[in-house]
Engineer: 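Okay, here's the structure, questions in a sec.
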Amino acid sequence: MESARWADILAQAIFHTLVAALFVEALVRSWRVNDPGQRIALRLTALGYPLVVFPALVTLFPLRAEERFRDGLALFSGRRWEDVTVLGHGLFEVFVLGLAGLGAVLLLMDLVPMAWRRRTPRPRPVAPDPRSAAALEAALSDLGARTRLRRPEVQFVDGETPAIFCTGVRTPAIVVSRGALRLLDADELRAALAHELSHLVRRDPAASWGVFAARVLLFFNPAFQVVSRTIARDAEWLADERAAELSGDRLALASGLLKLHRATLGRRPAARRTLPLAGALSEPLARVRSRDVEVRCRRLLDGPAPRLPFGAARVALAGIAVTALLFFVV
Amino acid sequence: MMRANGTAGRSVGLQVARMLATLFWVLSATAATVAALGALPGWIAGEGAGVRRVASLDEAERRLGARLVLPGYFPDRLAWPAAEIRVAGGRHGSASLVFHDRAGEPALQLLEATEEGASVAAPLLAGTTVLDTRRTAVETRPATLASVLVNGARWHQLTWYPGRRAVVLRGRGELDELFLIARSVHGRGAP
(Lines give C-alpha, C1' and ligand atoms only; values in the text may rest on other atoms or scores of the structure.)
Protein backbone atom coordinates (compact mmCIF):
# COMPACT_ATOMS: atom_id res chain seq x y z
CA MET A 1 0.00 0.00 0.00
CA GLU A 2 2.81 2.41 0.89
CA SER A 3 4.62 1.79 -2.40
CA ALA A 4 1.35 2.30 -4.26
CA ARG A 5 0.90 5.64 -2.48
CA TRP A 6 4.41 6.73 -3.50
CA ALA A 7 3.73 5.62 -7.06
CA ASP A 8 0.62 7.81 -7.06
CA ILE A 9 2.59 10.80 -5.75
CA LEU A 10 5.31 10.28 -8.34
CA ALA A 11 2.76 10.00 -11.14
CA GLN A 12 0.95 13.11 -9.91
CA ALA A 13 4.18 15.11 -9.69
CA ILE A 14 5.02 14.24 -13.28
CA PHE A 15 1.56 14.83 -14.65
CA HIS A 16 0.99 18.03 -12.71
CA THR A 17 4.24 19.55 -14.00
CA LEU A 18 3.37 18.47 -17.53
CA VAL A 19 -0.04 20.13 -17.36
CA ALA A 20 1.38 23.25 -15.67
CA ALA A 21 4.12 23.54 -18.30
CA LEU A 22 1.72 23.13 -21.22
CA PHE A 23 -0.78 25.52 -19.63
CA VAL A 24 1.87 28.19 -19.15
CA GLU A 25 3.21 27.63 -22.67
CA ALA A 26 -0.30 28.05 -24.07
CA LEU A 27 -0.66 31.28 -22.10
CA VAL A 28 2.71 32.61 -23.29
CA ARG A 29 1.64 32.05 -26.87
CA SER A 30 -1.97 33.17 -26.49
CA TRP A 31 -1.05 36.34 -24.65
CA ARG A 32 1.82 36.81 -27.12
CA VAL A 33 4.39 37.36 -24.41
CA ASN A 34 7.61 38.24 -26.25
CA ASP A 35 9.55 40.06 -23.58
CA PRO A 36 12.03 37.47 -22.25
CA GLY A 37 11.75 38.75 -18.67
CA GLN A 38 8.00 38.21 -18.68
CA ARG A 39 8.41 34.81 -20.33
CA ILE A 40 10.82 33.76 -17.59
CA ALA A 41 8.42 34.98 -14.90
CA LEU A 42 5.55 32.96 -16.36
CA ARG A 43 7.62 29.84 -16.91
CA LEU A 44 8.91 30.03 -13.36
CA THR A 45 5.29 29.39 -12.35
CA ALA A 46 5.52 25.98 -14.03
CA LEU A 47 8.98 25.40 -12.60
CA GLY A 48 8.03 26.42 -9.10
CA TYR A 49 4.86 24.34 -9.11
CA PRO A 50 6.40 20.88 -8.47
CA LEU A 51 8.82 22.32 -5.92
CA VAL A 52 6.39 24.35 -3.82
CA VAL A 53 2.73 23.99 -4.70
CA PHE A 54 2.53 20.26 -5.35
CA PRO A 55 4.11 19.22 -2.01
CA ALA A 56 1.74 21.64 -0.26
CA LEU A 57 -1.27 20.13 -2.06
CA VAL A 58 -0.29 16.60 -1.09
CA THR A 59 0.44 17.55 2.52
CA LEU A 60 -2.41 19.95 3.23
CA PHE A 61 -5.19 18.14 1.36
CA PRO A 62 -4.97 14.40 2.13
CA LEU A 63 -8.63 14.08 1.11
CA ARG A 64 -7.44 14.18 -2.49
CA ALA A 65 -6.03 10.68 -2.01
CA GLU A 66 -9.39 9.26 -0.87
CA GLU A 67 -11.49 7.09 -3.17
CA ARG A 68 -14.48 9.36 -2.77
CA PHE A 69 -12.52 12.28 -4.23
CA ARG A 70 -10.97 10.18 -6.98
CA ASP A 71 -14.27 8.70 -8.11
CA GLY A 72 -16.47 11.71 -7.50
CA LEU A 73 -14.71 15.06 -7.86
CA ALA A 74 -11.44 14.40 -9.65
CA LEU A 75 -11.22 15.52 -13.27
CA PHE A 76 -8.49 13.00 -13.86
CA SER A 77 -7.42 9.98 -11.84
CA GLY A 78 -4.18 8.42 -13.02
CA ARG A 79 -5.06 5.07 -11.45
CA ARG A 80 -7.93 4.63 -13.91
CA TRP A 81 -5.32 4.10 -16.59
CA GLU A 82 -4.45 0.83 -14.83
CA ASP A 83 -7.60 -0.54 -16.42
CA VAL A 84 -6.20 0.03 -19.90
CA THR A 85 -3.69 -2.69 -20.59
CA VAL A 86 -1.10 -3.08 -23.32
CA LEU A 87 0.71 -6.42 -23.57
CA GLY A 88 -0.61 -7.32 -20.14
CA HIS A 89 0.64 -4.16 -18.43
CA GLY A 90 -1.57 -1.38 -17.17
CA LEU A 91 -0.85 1.90 -18.93
CA PHE A 92 -0.50 3.67 -15.58
CA GLU A 93 2.78 1.87 -14.86
CA VAL A 94 3.91 2.23 -18.46
CA PHE A 95 3.32 6.01 -18.40
CA VAL A 96 4.96 6.55 -15.02
CA LEU A 97 8.05 4.49 -15.81
CA GLY A 98 8.31 5.81 -19.34
CA LEU A 99 8.04 9.46 -18.35
CA ALA A 100 10.39 9.02 -15.39
CA GLY A 101 12.90 7.38 -17.73
CA LEU A 102 12.53 10.25 -20.18
CA GLY A 103 13.19 12.74 -17.39
CA ALA A 104 16.34 10.92 -16.40
CA VAL A 105 17.54 10.85 -20.01
CA LEU A 106 16.95 14.59 -20.42
CA LEU A 107 18.97 15.28 -17.29
CA LEU A 108 21.78 12.95 -18.35
CA MET A 109 21.97 14.67 -21.73
CA ASP A 110 23.21 17.74 -19.91
CA LEU A 111 24.87 16.13 -16.89
CA VAL A 112 27.13 13.68 -18.73
CA PRO A 113 28.78 16.23 -21.06
CA MET A 114 29.25 18.61 -18.14
CA ALA A 115 30.82 15.89 -15.99
CA TRP A 116 33.01 14.83 -18.91
CA ARG A 117 34.27 18.33 -19.47
CA ARG A 118 35.16 18.66 -15.79
CA ARG A 119 37.78 16.01 -16.38
CA THR A 120 39.65 18.47 -18.56
CA PRO A 121 41.68 20.91 -16.49
CA ARG A 122 40.79 24.50 -17.14
CA PRO A 123 43.48 26.54 -18.84
CA ARG A 124 45.06 28.88 -16.36
CA PRO A 125 44.23 32.52 -16.83
CA VAL A 126 47.23 34.49 -17.98
CA ALA A 127 48.01 38.14 -18.10
CA PRO A 128 46.85 39.58 -21.41
CA ASP A 129 49.34 41.12 -23.75
CA PRO A 130 49.21 44.94 -23.88
CA ARG A 131 47.10 45.04 -27.02
CA SER A 132 44.50 42.61 -25.62
CA ALA A 133 44.50 44.42 -22.30
CA ALA A 134 43.86 47.73 -24.03
CA ALA A 135 40.98 46.29 -26.05
CA LEU A 136 39.38 44.84 -22.93
CA GLU A 137 39.89 48.03 -20.95
CA ALA A 138 38.37 50.14 -23.70
CA ALA A 139 35.30 47.90 -23.86
CA LEU A 140 34.80 47.50 -20.12
CA SER A 141 35.42 51.02 -18.95
CA ASP A 142 32.38 52.37 -20.73
CA LEU A 143 30.15 49.48 -19.74
CA GLY A 144 31.20 49.52 -16.12
CA ALA A 145 29.94 53.05 -15.68
CA ARG A 146 26.46 52.02 -16.87
CA THR A 147 25.91 49.08 -14.56
CA ARG A 148 25.51 48.98 -10.82
CA LEU A 149 27.82 45.98 -10.77
CA ARG A 150 31.29 46.20 -9.35
CA ARG A 151 33.64 45.55 -12.20
CA PRO A 152 34.13 41.80 -12.38
CA GLU A 153 37.42 40.04 -12.77
CA VAL A 154 38.36 39.37 -16.37
CA GLN A 155 40.24 36.14 -16.98
CA PHE A 156 42.26 36.09 -20.16
CA VAL A 157 42.80 32.66 -21.73
CA ASP A 158 45.61 32.27 -24.21
CA GLY A 159 43.78 30.12 -26.74
CA GLU A 160 42.88 30.53 -30.39
CA THR A 161 39.34 29.17 -30.03
CA PRO A 162 37.06 32.17 -29.53
CA ALA A 163 35.29 32.17 -26.16
CA ILE A 164 33.54 34.75 -24.04
CA PHE A 165 31.49 33.62 -21.08
CA CYS A 166 30.80 34.44 -17.46
CA THR A 167 31.52 32.20 -14.56
CA GLY A 168 31.71 32.05 -10.79
CA VAL A 169 29.15 32.29 -8.03
CA ARG A 170 31.05 33.83 -5.13
CA THR A 171 33.60 35.59 -7.35
CA PRO A 172 31.98 36.40 -10.67
CA ALA A 173 34.34 36.69 -13.60
CA ILE A 174 34.27 36.97 -17.36
CA VAL A 175 36.49 34.63 -19.34
CA VAL A 176 37.80 35.94 -22.65
CA SER A 177 40.11 34.11 -25.02
CA ARG A 178 42.73 35.57 -27.37
CA GLY A 179 40.78 34.06 -30.25
CA ALA A 180 37.70 36.09 -29.30
CA LEU A 181 39.67 39.32 -29.18
CA ARG A 182 41.10 38.61 -32.61
CA LEU A 183 37.71 37.67 -34.06
CA LEU A 184 35.54 40.52 -32.80
CA ASP A 185 35.88 44.19 -33.62
CA ALA A 186 35.68 46.82 -30.89
CA ASP A 187 31.89 47.26 -31.07
CA GLU A 188 31.23 43.53 -31.17
CA LEU A 189 33.55 42.94 -28.22
CA ARG A 190 31.81 45.66 -26.24
CA ALA A 191 28.39 44.20 -27.00
CA ALA A 192 29.51 40.63 -26.16
CA LEU A 193 30.98 41.81 -22.84
CA ALA A 194 27.74 43.68 -22.16
CA HIS A 195 25.90 40.38 -22.65
CA GLU A 196 28.08 38.64 -20.08
CA LEU A 197 27.80 41.57 -17.68
CA SER A 198 24.03 41.32 -17.97
CA HIS A 199 24.25 37.68 -16.83
CA LEU A 200 26.33 38.73 -13.85
CA VAL A 201 23.99 41.60 -12.89
CA ARG A 202 21.14 39.05 -12.73
CA ARG A 203 23.38 36.52 -10.91
CA ASP A 204 22.61 33.98 -13.60
CA PRO A 205 25.56 31.68 -12.73
CA ALA A 206 24.20 31.19 -9.19
CA ALA A 207 20.64 30.84 -10.45
CA SER A 208 21.66 28.27 -13.02
CA TRP A 209 23.32 26.13 -10.37
CA GLY A 210 20.19 26.37 -8.27
CA VAL A 211 18.01 25.29 -11.18
CA PHE A 212 20.39 22.47 -12.01
CA ALA A 213 20.25 21.23 -8.42
CA ALA A 214 16.46 21.23 -8.71
CA ARG A 215 16.76 19.33 -11.99
CA VAL A 216 18.82 16.66 -10.24
CA LEU A 217 16.29 16.47 -7.40
CA LEU A 218 13.45 16.09 -9.88
CA PHE A 219 15.38 13.89 -12.28
CA PHE A 220 12.26 11.79 -12.94
CA ASN A 221 10.23 14.77 -14.13
CA PRO A 222 10.62 15.33 -17.89
CA ALA A 223 8.47 18.46 -17.98
CA PHE A 224 10.67 20.04 -15.30
CA GLN A 225 13.76 19.22 -17.36
CA VAL A 226 12.29 20.78 -20.49
CA VAL A 227 11.00 23.93 -18.77
CA SER A 228 14.41 24.45 -17.12
CA ARG A 229 16.08 24.34 -20.52
CA THR A 230 13.50 26.73 -21.94
CA ILE A 231 14.15 29.19 -19.12
CA ALA A 232 17.88 28.97 -19.83
CA ARG A 233 17.14 30.00 -23.40
CA ASP A 234 14.93 32.87 -22.21
CA ALA A 235 17.77 33.95 -19.88
CA GLU A 236 20.04 34.23 -22.91
CA TRP A 237 17.44 36.31 -24.72
CA LEU A 238 17.06 38.53 -21.68
CA ALA A 239 20.82 39.01 -21.48
CA ASP A 240 20.76 39.94 -25.17
CA GLU A 241 18.14 42.62 -24.51
CA ARG A 242 19.99 44.02 -21.51
CA ALA A 243 23.24 43.98 -23.47
CA ALA A 244 21.60 45.83 -26.34
CA GLU A 245 20.39 48.50 -23.90
CA LEU A 246 23.78 48.66 -22.22
CA SER A 247 25.89 48.84 -25.34
CA GLY A 248 23.32 50.69 -27.44
CA ASP A 249 24.26 48.59 -30.48
CA ARG A 250 21.94 45.66 -31.28
CA LEU A 251 23.58 45.08 -34.67
CA ALA A 252 27.04 44.70 -33.14
CA LEU A 253 25.73 42.13 -30.67
CA ALA A 254 24.02 40.13 -33.41
CA SER A 255 27.12 40.29 -35.55
CA GLY A 256 29.35 39.21 -32.68
CA LEU A 257 27.03 36.36 -31.81
CA LEU A 258 27.08 35.09 -35.35
CA LYS A 259 30.84 35.34 -35.65
CA LEU A 260 31.38 33.46 -32.40
CA HIS A 261 28.92 30.77 -33.41
CA ARG A 262 30.47 30.20 -36.81
CA ALA A 263 33.99 30.20 -35.44
CA THR A 264 33.18 27.58 -32.80
CA LEU A 265 31.02 25.20 -34.84
CA GLY A 266 32.39 21.68 -34.47
CA ARG A 267 35.30 22.77 -32.28
CA ARG A 268 36.08 21.91 -28.69
CA PRO A 269 35.35 24.75 -26.32
CA ALA A 270 38.32 26.92 -25.43
CA ALA A 271 37.70 26.52 -21.72
CA ARG A 272 35.45 24.47 -19.48
CA ARG A 273 32.32 26.41 -18.68
CA THR A 274 30.78 26.18 -15.26
CA LEU A 275 27.36 27.50 -16.23
CA PRO A 276 25.55 24.18 -16.08
CA LEU A 277 22.55 25.11 -18.11
CA ALA A 278 23.28 27.35 -21.02
CA GLY A 279 26.73 25.99 -21.57
CA ALA A 280 25.61 22.40 -21.87
CA LEU A 281 22.20 23.21 -23.28
CA SER A 282 22.64 22.28 -26.87
CA GLU A 283 26.25 21.36 -27.46
CA PRO A 284 25.36 17.80 -28.39
CA LEU A 285 22.82 19.21 -30.83
CA ALA A 286 24.65 21.50 -33.24
CA ARG A 287 21.62 22.13 -35.37
CA VAL A 288 19.56 23.24 -32.38
CA ARG A 289 22.35 25.60 -31.38
CA SER A 290 22.47 27.11 -34.86
CA ARG A 291 18.74 27.60 -34.88
CA ASP A 292 18.93 29.22 -31.46
CA VAL A 293 21.58 31.68 -32.66
CA GLU A 294 19.50 32.48 -35.73
CA VAL A 295 16.48 33.26 -33.57
CA ARG A 296 18.54 35.42 -31.24
CA CYS A 297 19.97 37.43 -34.13
CA ARG A 298 16.53 37.94 -35.58
CA ARG A 299 15.17 39.13 -32.23
CA LEU A 300 18.05 41.57 -31.90
CA LEU A 301 17.49 42.98 -35.36
CA ASP A 302 13.71 43.24 -34.84
CA GLY A 303 14.16 45.55 -31.90
CA PRO A 304 13.08 45.23 -28.27
CA ALA A 305 9.93 43.22 -27.66
CA PRO A 306 7.18 45.24 -25.96
CA ARG A 307 6.33 44.37 -22.39
CA LEU A 308 2.72 43.42 -21.80
CA PRO A 309 0.83 45.40 -19.15
CA PHE A 310 -0.12 43.81 -15.79
CA GLY A 311 2.87 41.45 -15.87
CA ALA A 312 2.72 40.60 -12.17
CA ALA A 313 -1.02 40.07 -12.34
CA ARG A 314 -0.60 37.68 -15.27
CA VAL A 315 1.89 35.59 -13.34
CA ALA A 316 -0.34 35.54 -10.26
CA LEU A 317 -3.43 34.61 -12.29
CA ALA A 318 -1.55 31.86 -14.11
CA GLY A 319 -0.35 30.40 -10.81
CA ILE A 320 -3.77 30.52 -9.18
CA ALA A 321 -5.52 29.08 -12.23
CA VAL A 322 -3.16 26.15 -12.66
CA THR A 323 -3.23 25.36 -8.94
CA ALA A 324 -7.04 25.40 -8.92
CA LEU A 325 -7.14 23.10 -11.96
CA LEU A 326 -4.55 20.66 -10.65
CA PHE A 327 -6.29 20.36 -7.29
CA PHE A 328 -8.74 18.13 -9.16
CA VAL A 329 -6.08 16.02 -10.84
CA VAL A 330 -4.95 12.99 -8.82
CA MET B 1 -8.21 65.92 -20.50
CA MET B 2 -11.35 64.12 -19.36
CA ARG B 3 -11.82 62.59 -22.82
CA ALA B 4 -8.17 61.44 -22.82
CA ASN B 5 -8.66 59.89 -19.37
CA GLY B 6 -11.82 58.17 -20.55
CA THR B 7 -10.07 56.77 -23.61
CA ALA B 8 -7.14 55.59 -21.54
CA GLY B 9 -9.50 53.99 -19.03
CA ARG B 10 -11.38 52.20 -21.79
CA SER B 11 -8.10 50.99 -23.25
CA VAL B 12 -7.00 49.59 -19.88
CA GLY B 13 -10.39 47.95 -19.49
CA LEU B 14 -10.07 46.34 -22.91
CA GLN B 15 -6.61 45.05 -22.09
CA VAL B 16 -7.82 43.55 -18.82
CA ALA B 17 -10.82 41.98 -20.55
CA ARG B 18 -8.62 40.51 -23.27
CA MET B 19 -6.18 39.15 -20.70
CA LEU B 20 -8.94 37.52 -18.65
CA ALA B 21 -10.77 36.16 -21.69
CA THR B 22 -7.58 34.54 -22.97
CA LEU B 23 -6.84 33.08 -19.55
CA PHE B 24 -10.36 31.72 -19.36
CA TRP B 25 -10.29 29.96 -22.72
CA VAL B 26 -6.81 28.52 -22.18
CA LEU B 27 -7.88 27.26 -18.75
CA SER B 28 -11.11 25.81 -20.19
CA ALA B 29 -9.27 24.07 -23.02
CA THR B 30 -6.74 22.64 -20.59
CA ALA B 31 -9.44 21.46 -18.18
CA ALA B 32 -11.41 19.87 -21.03
CA THR B 33 -8.32 18.05 -22.29
CA VAL B 34 -7.44 16.79 -18.82
CA ALA B 35 -11.05 15.67 -18.22
CA ALA B 36 -11.11 13.87 -21.58
CA LEU B 37 -7.90 12.06 -20.70
CA GLY B 38 -9.47 11.14 -17.36
CA ALA B 39 -12.59 9.74 -19.00
CA LEU B 40 -10.71 7.90 -21.77
CA PRO B 41 -10.10 4.65 -19.85
CA GLY B 42 -13.83 4.38 -19.20
CA TRP B 43 -14.64 4.98 -22.87
CA ILE B 44 -12.08 2.41 -23.98
CA ALA B 45 -13.58 -0.14 -21.60
CA GLY B 46 -17.09 0.73 -22.76
CA GLU B 47 -18.09 1.91 -19.32
CA GLY B 48 -20.67 4.57 -18.64
CA ALA B 49 -20.16 7.48 -16.33
CA GLY B 50 -19.87 6.51 -12.69
CA VAL B 51 -18.94 2.88 -13.39
CA ARG B 52 -15.61 1.79 -12.01
CA ARG B 53 -13.82 -1.45 -12.67
CA VAL B 54 -12.14 -2.96 -9.61
CA ALA B 55 -9.56 -5.68 -9.24
CA SER B 56 -11.10 -7.84 -6.54
CA LEU B 57 -14.13 -8.63 -4.49
CA ASP B 58 -12.47 -7.11 -1.44
CA GLU B 59 -11.93 -3.81 -3.23
CA ALA B 60 -15.52 -3.79 -4.45
CA GLU B 61 -16.82 -4.36 -0.90
CA ARG B 62 -14.48 -1.70 0.44
CA ARG B 63 -15.71 0.84 -2.09
CA LEU B 64 -19.35 -0.03 -1.52
CA GLY B 65 -19.01 -0.29 2.24
CA ALA B 66 -21.01 -3.49 2.29
CA ARG B 67 -20.64 -7.24 1.84
CA LEU B 68 -21.76 -8.71 -1.44
CA VAL B 69 -24.07 -11.68 -1.69
CA LEU B 70 -22.56 -14.67 -3.50
CA PRO B 71 -23.88 -18.02 -4.69
CA GLY B 72 -23.17 -21.06 -2.56
CA TYR B 73 -23.72 -23.36 -5.54
CA PHE B 74 -21.21 -22.77 -8.33
CA PRO B 75 -21.10 -25.10 -11.36
CA ASP B 76 -17.76 -26.63 -12.32
CA ARG B 77 -18.11 -25.35 -15.85
CA LEU B 78 -17.67 -21.79 -14.57
CA ALA B 79 -14.39 -20.23 -13.51
CA TRP B 80 -13.88 -18.62 -10.12
CA PRO B 81 -13.17 -15.81 -9.24
CA ALA B 82 -15.12 -13.31 -11.30
CA ALA B 83 -13.38 -12.24 -14.49
CA GLU B 84 -14.74 -8.69 -14.26
CA ILE B 85 -16.01 -6.78 -11.26
CA ARG B 86 -17.57 -3.35 -11.63
CA VAL B 87 -19.10 -0.98 -9.12
CA ALA B 88 -21.33 2.02 -9.58
CA GLY B 89 -23.21 4.51 -7.46
CA GLY B 90 -20.47 5.15 -4.90
CA ARG B 91 -20.91 4.15 -1.28
CA HIS B 92 -23.87 1.73 -0.84
CA GLY B 93 -24.11 1.49 -4.61
CA SER B 94 -24.23 -1.58 -6.80
CA ALA B 95 -21.85 -4.21 -8.10
CA SER B 96 -21.63 -6.40 -11.18
CA LEU B 97 -19.68 -9.67 -11.20
CA VAL B 98 -19.13 -11.44 -14.51
CA PHE B 99 -18.03 -15.10 -14.43
CA HIS B 100 -16.58 -16.79 -17.47
CA ASP B 101 -16.87 -20.40 -18.49
CA ARG B 102 -13.78 -22.57 -18.98
CA ALA B 103 -13.57 -21.41 -22.59
CA GLY B 104 -13.26 -17.80 -21.43
CA GLU B 105 -16.70 -16.67 -22.53
CA PRO B 106 -19.04 -14.73 -20.21
CA ALA B 107 -21.49 -17.29 -18.80
CA LEU B 108 -22.90 -15.89 -15.54
CA GLN B 109 -23.47 -12.35 -14.34
CA LEU B 110 -24.47 -11.36 -10.84
CA LEU B 111 -25.64 -7.78 -10.29
CA GLU B 112 -26.73 -6.54 -6.91
CA ALA B 113 -27.59 -3.43 -4.97
CA THR B 114 -26.08 -3.07 -1.51
CA GLU B 115 -28.67 -0.70 -0.14
CA GLU B 116 -31.95 -2.19 1.06
CA GLY B 117 -34.87 -1.25 -1.10
CA ALA B 118 -32.73 0.24 -3.87
CA SER B 119 -32.55 -1.05 -7.42
CA VAL B 120 -29.39 -2.10 -9.14
CA ALA B 121 -27.63 1.05 -10.46
CA ALA B 122 -28.80 1.86 -13.97
CA PRO B 123 -25.30 2.24 -15.52
CA LEU B 124 -24.62 -1.44 -14.74
CA LEU B 125 -27.79 -2.46 -16.58
CA ALA B 126 -27.09 -0.25 -19.59
CA GLY B 127 -27.30 -1.91 -22.99
CA THR B 128 -29.92 -4.46 -21.92
CA THR B 129 -32.98 -5.09 -24.07
CA VAL B 130 -35.79 -7.04 -22.39
CA LEU B 131 -37.51 -9.42 -24.80
CA ASP B 132 -40.10 -10.99 -22.54
CA THR B 133 -40.85 -11.38 -18.83
CA ARG B 134 -42.88 -13.66 -16.60
CA ARG B 135 -43.49 -13.95 -12.90
CA THR B 136 -41.82 -16.73 -10.98
CA ALA B 137 -40.36 -17.33 -7.53
CA VAL B 138 -37.01 -18.09 -5.98
CA GLU B 139 -37.83 -20.28 -3.02
CA THR B 140 -40.74 -18.30 -1.57
CA ARG B 141 -39.69 -14.90 -2.79
CA PRO B 142 -41.44 -13.38 -5.82
CA ALA B 143 -39.13 -12.98 -8.79
CA THR B 144 -39.19 -11.97 -12.44
CA LEU B 145 -37.75 -14.20 -15.14
CA ALA B 146 -36.89 -12.45 -18.41
CA SER B 147 -35.18 -13.11 -21.71
CA VAL B 148 -32.82 -10.25 -22.43
CA LEU B 149 -30.35 -9.22 -25.08
CA VAL B 150 -27.03 -7.92 -23.76
CA ASN B 151 -24.53 -6.79 -26.39
CA GLY B 152 -26.34 -8.91 -28.95
CA ALA B 153 -26.24 -12.09 -26.86
CA ARG B 154 -29.33 -13.72 -25.35
CA TRP B 155 -29.42 -14.31 -21.62
CA HIS B 156 -31.89 -15.57 -19.04
CA GLN B 157 -32.36 -12.95 -16.33
CA LEU B 158 -33.76 -13.56 -12.88
CA THR B 159 -34.58 -10.56 -10.65
CA TRP B 160 -35.62 -10.88 -7.02
CA TYR B 161 -35.03 -9.47 -3.52
CA PRO B 162 -33.28 -11.86 -1.14
CA GLY B 163 -33.11 -10.07 2.22
CA ARG B 164 -34.56 -6.86 0.74
CA ARG B 165 -31.57 -6.29 -1.57
CA ALA B 166 -32.14 -6.29 -5.30
CA VAL B 167 -30.27 -9.06 -7.10
CA VAL B 168 -30.18 -9.72 -10.84
CA LEU B 169 -28.77 -13.05 -11.99
CA ARG B 170 -28.08 -13.67 -15.65
CA GLY B 171 -27.08 -16.96 -17.20
CA ARG B 172 -26.62 -18.45 -20.63
CA GLY B 173 -26.96 -22.08 -19.56
CA GLU B 174 -29.93 -24.13 -18.43
CA LEU B 175 -32.77 -22.45 -16.52
CA ASP B 176 -32.68 -25.17 -13.85
CA GLU B 177 -29.04 -24.35 -13.21
CA LEU B 178 -29.84 -20.65 -12.97
CA PHE B 179 -32.52 -21.32 -10.34
CA LEU B 180 -30.16 -23.59 -8.42
CA ILE B 181 -27.59 -20.81 -8.30
CA ALA B 182 -30.26 -18.26 -7.33
CA ARG B 183 -31.55 -20.39 -4.46
CA SER B 184 -27.99 -20.70 -3.11
CA VAL B 185 -27.34 -16.92 -3.09
CA HIS B 186 -26.78 -15.82 0.46
CA GLY B 187 -25.31 -12.91 2.35
CA ARG B 188 -22.07 -12.93 4.33
CA GLY B 189 -21.09 -11.31 7.62
CA ALA B 190 -20.54 -7.56 7.85
CA PRO B 191 -17.13 -6.33 6.62
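Sequence lines set the chain letters: A, B, ... in the order given, protein chains first and strands last, and positions in each chain run from 1. The figures that follow rest on heavy atoms only: side chains count, while hydrogens, waters and symmetry mates do not.
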Engineer: Is it the case that over 12 heavy atoms from other parts of the model lie below 6.0 angstrom from the CG atom of B:Asp76?
Structural biologist: no
Engineer: May I ask you to check whether over 12 heavy atoms, not counting those of B:Glu174, lie within 6.0 Å of atom CD?
Structural biologist: no
Engineer: Which distance, rounded to the nearest 0.5 Å, do you find between the CG of B:Leu40 and the CH2 of A:Trp81?
Structural biologist: 4.0 Å
Engineer: More than 12 heavy atoms of other residues, nucleotides or ligands under 6.0 Å from CZ of B:Arg154: is that the case?
Structural biologist: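 Check fails, neighbour count at 12 or below.
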Engineer: Can you name the closest pair of heavy atoms from B:Val26 and A:Ala26 and give their distance?
Structural biologist: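 Scanning both residues completely, I find the closest heavy atoms to be CG1-CB, 3.8 Å.
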Engineer: Take atom CZ of B:Arg102 as the centre, draw a 6.0 Å sphere, and report whether it contains more than 12 heavy atoms from other residues, nucleotides or ligands.
Structural biologist: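 Above 12, so yes.
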Engineer: Specify the closest pair of heavy atoms between A:Arg80 and B:Pro41, including all atoms of both residues, with the distance to one decimal.
Structural biologist: O-CB, 3.5 Å
Engineer: Please determine whether the number of non-hydrogen atoms from other residues, nucleotides or ligands lying under 6.0 Å from atom CG of B:Asp132 exceeds 12.
Structural biologist: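 Enclosed.
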Engineer: State, yes or no, whether a side-chain contact exists between A:Leu308 and B:Met19 at a heavy-atom distance under 4.5 Å.
Structural biologist: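 With C-beta onward as the side chain, the pair stays apart.
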Engineer: With A:Phe23 as reference, evaluate B:Thr30, B:Thr33, B:Val34 under the side-chain contact (heavy atoms from CB on, under 4.5 Å) test and give the passing residue.
Structural biologist: B:Thr30
Engineer: For A:Phe69, look at atom CZ and say whether over 12 heavy atoms of other residues, nucleotides or ligands are found less than 6.0 Å away.
Structural biologist: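 Count over threshold, so yes.
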Engineer: Rounded to the nearest 0.5 Å, how far does OG1 of B:Thr22 lie from CG of A:Leu27?
Structural biologist: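 Answer for the CG-OG1 pair, A:Leu27 versus B:Thr22, is 8.5 Å.
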Engineer: Can you tell me which portion of A:Phe15 sits under 4.5 Å from chain B's heavy atoms? Options are side chain, backbone, both or neither.
Structural biologist: side chain
